[in-house]
There are 2 protein chains.
Amino acid sequence: MPDRRSRLPADTLADRTSDDGAADALDTRSRLVETARVLFLQQGYGATGVKQILAAAGANSGSLYHYFPTKEDLLLAVLDRYRDLLRPLVIDPVFSRIADPVERIFGVLDGYRRMLEITGCRQGCPIGNLALELSDDHPAVRSLIAANFTGWRTAILECLDAAADRLPDDVDRSALASFVLSVMEGGVMQARAYASPAPFEEAVSMLRDHFDRLLAAAAAWPAAPPRPEPPARLGNESPCPFPGNSR
Amino acid sequence: MPDRRSRLPADTLADRTSDDGAADALDTRSRLVETARVLFLQQGYGATGVKQILAAAGANSGSLYHYFPTKEDLLLAVLDRYRDLLRPLVIDPVFSRIADPVERIFGVLDGYRRMLEITGCRQGCPIGNLALELSDDHPAVRSLIAANFTGWRTAILECLDAAADRLPDDVDRSALASFVLSVMEGGVMQARAYASPAPFEEAVSMLRDHFDRLLAAAAAWPAAPPRPEPPARLGNESPCPFPGNSR
DNA sequence: GGCCAAGTTGATCGTTCAATCAAGATGTGT
DNA sequence: ACACATCTTGATTGAACGATCAACTTGGCC
C-alpha cells in the first residue's frame with residue numbers, strides 16, 4: 001500500500017489556462033478528490049455513488065480504484081483535503097482582513113453565515129455533515145473528522161489566546177473554543193432545518209453578547225488591563241468557504 | 001389464539017418468549033414506526049433499507065406499503081412520533097424533577113449528556129442527524145424536522161419566559177432559545193466526532209457561565225427583583241432520552 | 001353460516017450499487 | 001528507438017435496493 005498523495009504537480013488552486021470552472025485540467029487523482037468533495041458536501045457520503053463521482057469527474061471506475069482501494073479511502077483523501085484547505089481558504093482570508101482577535105472569530109462565523117445566504121441554507125458545514133453521518137463507522141474516518149474539528153478549534157483558540165489579556169483570568173479558553181464551534185455547528189444545523197439563516201444569526205448574536213460580557217467583566221475587574229477601543233465590528237463581509245457549486 | 005407468524009425459519013432477533021422489549025406486542029403499524037425510528041437513529045435514513053426494517057420489525061413488505069405509500073411516509077411517521085415523544089419522554093421527566101426554570105434547561109442538557117455517556121458517544125440527537133441528512137430534500141420532511149426543533153425551542157422558551165424576571169430586560173429570549181439549542185446540537189456533534197463527551201460538557205459549561213452572567217447582571221442592576229437562592233444544580237441525573245438499543 | 005373489507009403475504013420487477021478485470025494508452029528513462 | 005511501469009478504459013459482476021402486485025387470511029357484522 002504505497003502512500004501516494006505526494007503528487008500535486010502544481011499548486012492546488014489558481015490553475016493555469018483556467019479554461020472553465022475550476023476542477024478541470026487537473027490530474028485524474030485531484031479531479032476525483034475534488035469532485036468527490038463537492039458531491040459528498042451536496043449529497044452526503046452514502047448517498048453519493050461512485051458512478052456519479054466518475055461521471056462528474058470525467059473519469060472511469062478503474063482510475064478511481066487505481067488510486068483508492070475503496071470508496072472510503074477516497075473519503076479519507078477528501079477529509080485530508082478539507083484539513084489542507086481550512087487555513088488558506090477559510091481562516092487566512094478572514095485573519096488578513098481583520099486584526100482584532102475576537103473580531104476574527106466573528107469574522108469566521110460571518111463566513112458561514114454568508115455561505116448559508118448564498119446556498120439558500122441548503123449547504124451545511126462539510127465536516128459537520130460527515131461527522132453525523134459516519135462518525136461511528138470506521139475509526140480512520142472518525143479520526144480524520146476529529147482532526148478537522150481540531151483544526152477549527154486551534155484557529156479559534158489562537159484568537160482567544162491572543163485576546164487572553166482582555167478576557168477574565170479564570171475563563172477556560174479551550175472550553176470556550178469548543179463553545180464557539182458548538183454554536184457554529186448547531187446554528188448551521190438549525191438554519192438548514194428551518195431553511196432560514198435566522199437561527200444561526202440569533203445564536204451568533206447571543207455568542208456576541210457573551211463575549212461582550214466577558215470583555216466587560218475583564219475590563220471592569222481588578223487592575224483593568226489596557227482596553228483598546230473595540231474596532232468596527234466587521235469591515236466588510238467574509239467570503240463563502242467551501243463553495244462547491246451553487247447548485 | 002392463533003400463533004400468527006408461526007413461520008420463523010431462522011430467528012431474526014430475540015423473539016417473543018420474552019415480550020419485554022416493549023416494541024413487540026404492538027400492532028404492525030406501530031411496530032414498523034418504532035423499528036424504523038430506532039434504525040434511522042442508529043444508521044441514518046438513507047443507510048437503512050426497507051428490508052432491514054421489515055426483518056427487525058417482523059413484518060413483510062406488503063404490510064409496510066399497506067400503511068405507508070413510500071419509505072418517506074414512514075419517515076414522516078417517525079418524525080411525528082418524535083414530536084409526540086418529546087414532552088412525555090424528554091421534557092416532562094426533567095420538569096417534574098426540577099422546579100427552577102433555568103435549572104430545567106440544564107436538566108434537559110444533562111439528559112443528552114447522559115445519552116452520550118451511555119451510548120459511548122455513538123448516538124446523536126435523532127432530529128439533528130436527520131436534519132443534516134435530508135433537510136434539503138423533500139419539503140414535507142424538512143418541515144417536520146423544523147417542527148421538531150420548534151418543539152424543543154418552545155420547551156426551552158417556556159423556561160426562559162418563566163425566568164424572565166431574573167434575566168436582563170433587553171435579552172431576546174427567543175434568540176436565547178436558539179442559542180441553547182445550538183450549543184446542544186453542536187456539542188453532541190463534536191462529542192460524536194471525538195468519541196468523547198468532553199466537548200459537549202465544555203460547551204454546556206460555557207453556556208452555564210453565560211447564564212450566570214445574565215442572572216448576575218439582572219440581579220445587580222436597576223431595581224433588583226427578588227432573587228431566590230439558586231437551587232442545587234442537579235438533584236440527580238436525567239434519564240437518557242430516545243434509548244433505541246444500546247448497540 | 002355467509003360476506004366483504006381490512007390486513008397480510010412472499011415472489012418479483014427493474015435499477016443501481018461498489019467493485020473487478022483484461023486490455024489498451026501513455027510517458028519516462030536509457 | 002526501445003522497454004517497461006504507470007495510468008486509463010469500459011464492459012461486467014453479483015448482490016442489494018425500493019417498490020409493486022395478485023393471492024391469501026382474518027375478523028366484524030348482518
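All values below were derived from every heavy atom in this structure, side-chain atoms included, with hydrogens, water molecules and symmetry-related copies excluded. Model, not experiment: these values are computed from the prediction.
- Residue B:Ser61 places no side-chain atom within donor-acceptor reach of the base of C:dT9, judged by atom type and a 3.5 Å distance cut-off alone.
- Considering only side-chain N and O atoms, A:His66 lies under 4.0 angstrom from the phosphate OP1 or OP2 of D:dC7.
- Using a distance-only test at 3.5 Å, with no hydrogens or angles considered, a donor-acceptor pair links the side chain of B:Arg104 to the main chain of B:Phe95.
- Here the P atom of nucleotide C:dG7 and the CZ atom of B:Phe68 are 12 Å apart, to the nearest Å.
- Under 4.0 angstrom from either OP1 or OP2 of C:dT8 there lies no side-chain N or O belonging to B:Asn60.
- For D:dC7, neither phosphate oxygen OP1 nor OP2 lies less than 4.0 angstrom from any side-chain nitrogen or oxygen of A:Thr28.
- Checking C:dA19, C:dC17, C:dG7 against every side-chain atom of A:Lys51, the shortest atom distance belongs to C:dC17.
- Atoms OH (A:Tyr45) and P (C:dC17) sit 14 Å apart, rounded to a whole Å.
- Note: CZ (B:Phe40) to P (D:dG18) measures 9 Å, nearest angstrom.
- Residues A:Asp73 and A:Thr70 bring no donor and acceptor atom of their side chains to less than 3.5 Å of each other.
- The separation between A:Tyr67 atom OH and C:dA19 atom P is 18 Å, rounded to whole Å.
- Contact annotation: A:Tyr65 does not reach the phosphate of C:dT20 (side-chain N/O to OP1 or OP2, under 4.0 Å).
- Put simply, CD1 on A:Ile53 is 8 Å from P on C:dA18, counting in whole angstrom units.
- Rounded to whole Å, atom P of D:dG18 lies 5 Å from atom NZ of B:Lys71.
- In this structure, A:Ser63 reaches the D:dT9 phosphate: one of its side-chain N or O atoms is under 4.0 Å from OP1 or OP2.
- For the pair A:Leu64 CG and D:dA11 C1', the computed distance is 17 Å after rounding to whole Å.
- Distance CD (A:Glu72) to C1' (C:dC17): 17 Å, rounded to an integer number of Å.
- Listed for the B:Gln190 side chain is a donor-acceptor partner under 3.5 Å among the backbone atoms of A:Ser178.
- Taking the ring centre of B:Tyr65 as origin, the terminal cationic atom of B:Lys71 falls outside the region bounded by 6.0 Å and 45° from the ring axis.
- A salt bridge links A:Arg153 with B:Glu202; the closest basic N to acidic carboxylate O contact falls under 4.0 Å.
- Contacts of A:Gly49 with the nucleic acid, taken as non-hydrogen atoms under 4.0 Å apart, involve only primed sugar atoms and P, OP1 or OP2.
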